[in-house]
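What follows is a short report on a single structure.
Remember, it's a predicted structure, so these values are computed and weren't measured experimentally. Residue numbers start at 1 and run along the sequence shown.
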Amino acid sequence: IIGGGPLEPFMRDPYLEDIHIITGENVHLIHKVFEMIKTNIFIDKAWANTFSQEFSEKIGSPVSEGQPIADGTLPDGSRVNIIHSKDVSLKGPTMTIRKFSETPISVTQLINWGTFDAGVAAYLWLCLQYGRSLFVCGETASGKTTTANAIIPFIPPHKKIFSVENTPEVQVPHAVWQQLLTKSTGPKEGHIELEDLLRAGLRSSPDYIITGETRGIEGRVVFQAMQTGHPVITTFHAGSVTKVIQRFTGHPINIPKPFMDNLDVVLIQMAVERKGKRIRRVLSVDEVEGYNKEVDGIMSRKAFEWNPVDDTQSFKANRNSYILESRIAKMAGLTDPMLIYDEFDRRKHIIERMVQEKIFDYYEVVQFIWTFYREGEKGLPISI
């Protein structure tokens with residue numbers, strides 16, 4: 001009942017991302033350093049049915065022949081998907097466990113790993129300080145949630161955060177954090193969907209709404225929130241800004257094209273193969289300018305773009321950024337919009353100094369950014 005049985009050593013390993021269990025096969029792992037690894041742990045066919053039923057009870061969603069698929073969360077926050085029935089999973093019960101990291105990965109650690117550079121981080125810092133809406137997009141296991149969690153500390157410390165999710169993955173360091181989860185167990189009339197929680201969120205006066213993942217018609221409520229002036233951060237499955245616009249303006253979400261300008265920034269992150277290694281990279285950061293009636297389309301411009309040849313991100317919108325000049329400079333009270341680039345360079349330099357000084361611990365990074373908000377550069381523990 002307690003622990004993960006033969007999987008317990010893996011549940012305790014902080015360097016693992018995923019655990020893949022297929023009946024009759026060796027358990028395989030996705031390791032943060034060594035990627036796919038074959039283990040000597042083996043789930044026997046005679047025992048697999050009992051094991052998957054026992055494990056499903058830990059997540060509060062028991063599987064059976066009549067209810068062969070279960071999704072849920074372990075007490076440590078890890079996500080579990082179980083496919084139990086032999087009619088559905090031909091080899092026998094299969095399970096995938098997405099490990100939950102208790103301490104989020106910091107923005108400086110992601111820069112150190114090369115996921116994005118200090119320029120992208122400085123740009124996102126300004127966006128989140130001044131209440132811009134951001135979609136973090138990419139394929140499954142591209143690191144969307146990791147990136148979203150890493151940049152949340154850029155939201156000023158006195159803001160109220162409201163998060164809604166199906167499974168608890170968003171981690172927020174702010175003191176005023178209303179964390180809500182959907183409910184899909186028990187009687188149908190007691191189920192709570194993402195749309196219900198988002199509507200409740202609009203009534204609770206948050207400064208930022210964070211939706212763990214936008215998948216379907218709850219996207220309408222996300223846009224309603226942005227239209228009423230609530231900035232939103234969410235992750236979304238899409239491979240480009242064009243695909244984001246297509247999916248939101250198409251069925252089933254059906255957002256009218258003129259409303260797309262409520263979204264400010266789309267970040268695209270992917271797991272890519274480079275020189276025989278699988279790496280996670282922010283491929284682009286795009287700014288959504290708005291609807292163009294003449295061409296019946298949404299206008300966007302590239303802010304940052306990844307160059308696969310030399311593995312760098314280039315600031316395409318340098319001295320030509322719609323979001324920095326037209327949206328943020330005005331809010332910051334700058335008489336000349338071009339002065340915003342001085343602020344961008346300053347934030348970029350601060351982040352580069354943090355990386356140089358090896359400030360990689362998540363909570364240390366949070367304190368560093370928040371000290372800057374409260375006391376400015378003078379209060380920082382390192383020379384800038």
Side-chain angles (χ1 to χ4, degrees), residues 1-22 27-30 32 43 50-64 67-85 89 93-105 136 140-150 152 161-173 177-188 190-198 200-201 209-216 218 233-237 362:
I1 294 169
I2 294 169
L7 305 180
E8 185 62 18
F10 309 140
M11 301 308 297
R12 293 184 183 220
D13 189 339
Y15 292 98
L16 298 186
E17 292 185 3
D18 291 340
I19 305 167
H20 301 285
I21 304 104
I22 298 170
V27 172
H28 280 70
L29 313 170
I30 303 290
K32 284 179 178 170
I43 303 298
T50 309
F51 181 67
S52 76
Q53 283 174 321
E54 286 177 353
F55 214 89
S56 69
E57 286 167 11
K58 297 181 203 294
I59 62 174
S61 185
V63 289
S64 62
Q67 188 74 42
I69 299 175
D71 282 294
T73 311
L74 288 169
D76 71 349
S78 298
R79 275 198 315 192
V80 181
N81 171 264
I82 302 174
I83 303 171
H84 176 73
S85 169
S89 178
T94 62
M95 288 168 51
T96 306
I97 302 170
R98 169 70 62 87
K99 283 285 302 297
F100 175 80
S101 174
E102 280 184 45
T103 304
I105 292 166
V136 180
T140 304
S142 59
K144 299 186 297 295
T145 305
T146 301
T147 294
N149 279 331
I152 285 169
I161 313 292
F162 181 94
S163 72
V164 294
E165 301 171 272
N166 291 315
T167 51
E169 291 185 298
V170 169
Q171 289 167 284
V172 176
W177 172 29
Q178 212 170 338
Q179 184 185 22
L180 301 183
L181 283 179
T182 57
K183 181 174 178 284
S184 56
T185 53
K188 192 122 178 111
H191 289 190
I192 304 294
E193 304 296 336
L194 271 176
E195 304 99 279
D196 305 321
L197 295 177
L198 279 165
I209 295 176
I210 300 174
T211 310
E213 186 172 3
T214 301
R215 286 193 176 122
E218 70 274 5
I233 299 173
T234 188
T235 63
F236 190 69
H237 283 267
Y362 176 80

Give, for atom [atom1] of [X] and atom [atom2] of [Y], the distance between the pair rounded to the nearest 0.5 Å.
{"X": "T234", "Y": "K144", "atom1": "OG1", "atom2": "NZ", "answer": "10.0 Å"}
{"X": "Y15", "Y": "L29", "atom1": "OH", "atom2": "CG", "answer": "15.5 Å"}
{"X": "T214", "Y": "F236", "atom1": "OG1", "atom2": "CZ", "answer": "7.0 Å"}
{"X": "T235", "Y": "E169", "atom1": "OG1", "atom2": "CD", "answer": "7.5 Å"}
{"X": "E165", "Y": "T73", "atom1": "CD", "atom2": "OG1", "answer": "9.5 Å"}
{"X": "T147", "Y": "I233", "atom1": "OG1", "atom2": "CD1", "answer": "12.0 Å"}

Inset, instruction - State, with a plain yes or no, whether a side-chain heavy atom of D71 is found less than 4.5 Å away from one of S61. - result: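 Answer no - side chains too far apart.
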Legend entry - Side-chain heavy atoms of I19 within contact of K99, under 4.5 Å: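 A side-chain contact exists here, since the closest heavy-atom pair is under 4.5 Å.
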Legend entry - Intermediate values then yes/no, side chain to side chain contact (heavy atoms under 4.5 Å, CB included), L180 and I192: CA-CA 10 Å; L180 301 183; I192 304 294; over 6 Å; no
Do you know the tightest heavy-atom contact between [X] and [Y]?
{"X": "H237", "Y": "T140", "value": "CE1-OG1, 3.1 Å"}
{"X": "A70", "Y": "V63", "value": "CB-CG1, 3.4 Å"}
{"X": "F162", "Y": "L197", "value": "CZ-O, 3.3 Å"}
{"X": "S89", "Y": "T94", "value": "OG-CG2, 3.2 Å"}
{"X": "I59", "Y": "G72", "value": "CD1-N, 3.7 Å"}
{"X": "M11", "Y": "D76", "value": "CE-OD2, 4.1 Å"}

Inset, instruction - Please list, chain by chain and in numerical order, all residues satisfying side-chain contact (heavy atoms from CB on, under 4.5 Å) with S85, sequence neighbours excluded. - result: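 For S85, the residues satisfying side-chain contact (heavy atoms from CB on, under 4.5 Å) (neighbours in sequence not counted) are E65, P68, D87, V88.
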Please answer whether the main-chain N or O of [Y] pairs with a side-chain N or O of [X] as donor and acceptor at a distance below 3.5 Å.
{"X": "K58", "Y": "G4", "answer": "no"}
{"X": "T182", "Y": "E193", "answer": "no"}
{"X": "N166", "Y": "L194", "answer": "no"}
{"X": "D18", "Y": "I30", "answer": "no"}

Inset, instruction - Report yes or no: do H84 and Q67 form a side-chain donor-acceptor pair below 3.5 Å? - result: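 The answer is no; no qualifying pair exists.
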Legend entry - N81 and T96: side chain donor to acceptor below 3.5 Å: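 Their side chains do not contain a donor-acceptor pair, so the 3.5 Å distance test is not met.
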Legend entry - Contacts of type ring pair (Phe, Tyr, Trp, His ring centres under 6.0 Å), residue F55, not counting sequence neighbours: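 Once residues adjacent in sequence are excluded, the partners of F55 under the ring pair (Phe, Tyr, Trp, His ring centres under 6.0 Å) criterion are F51.
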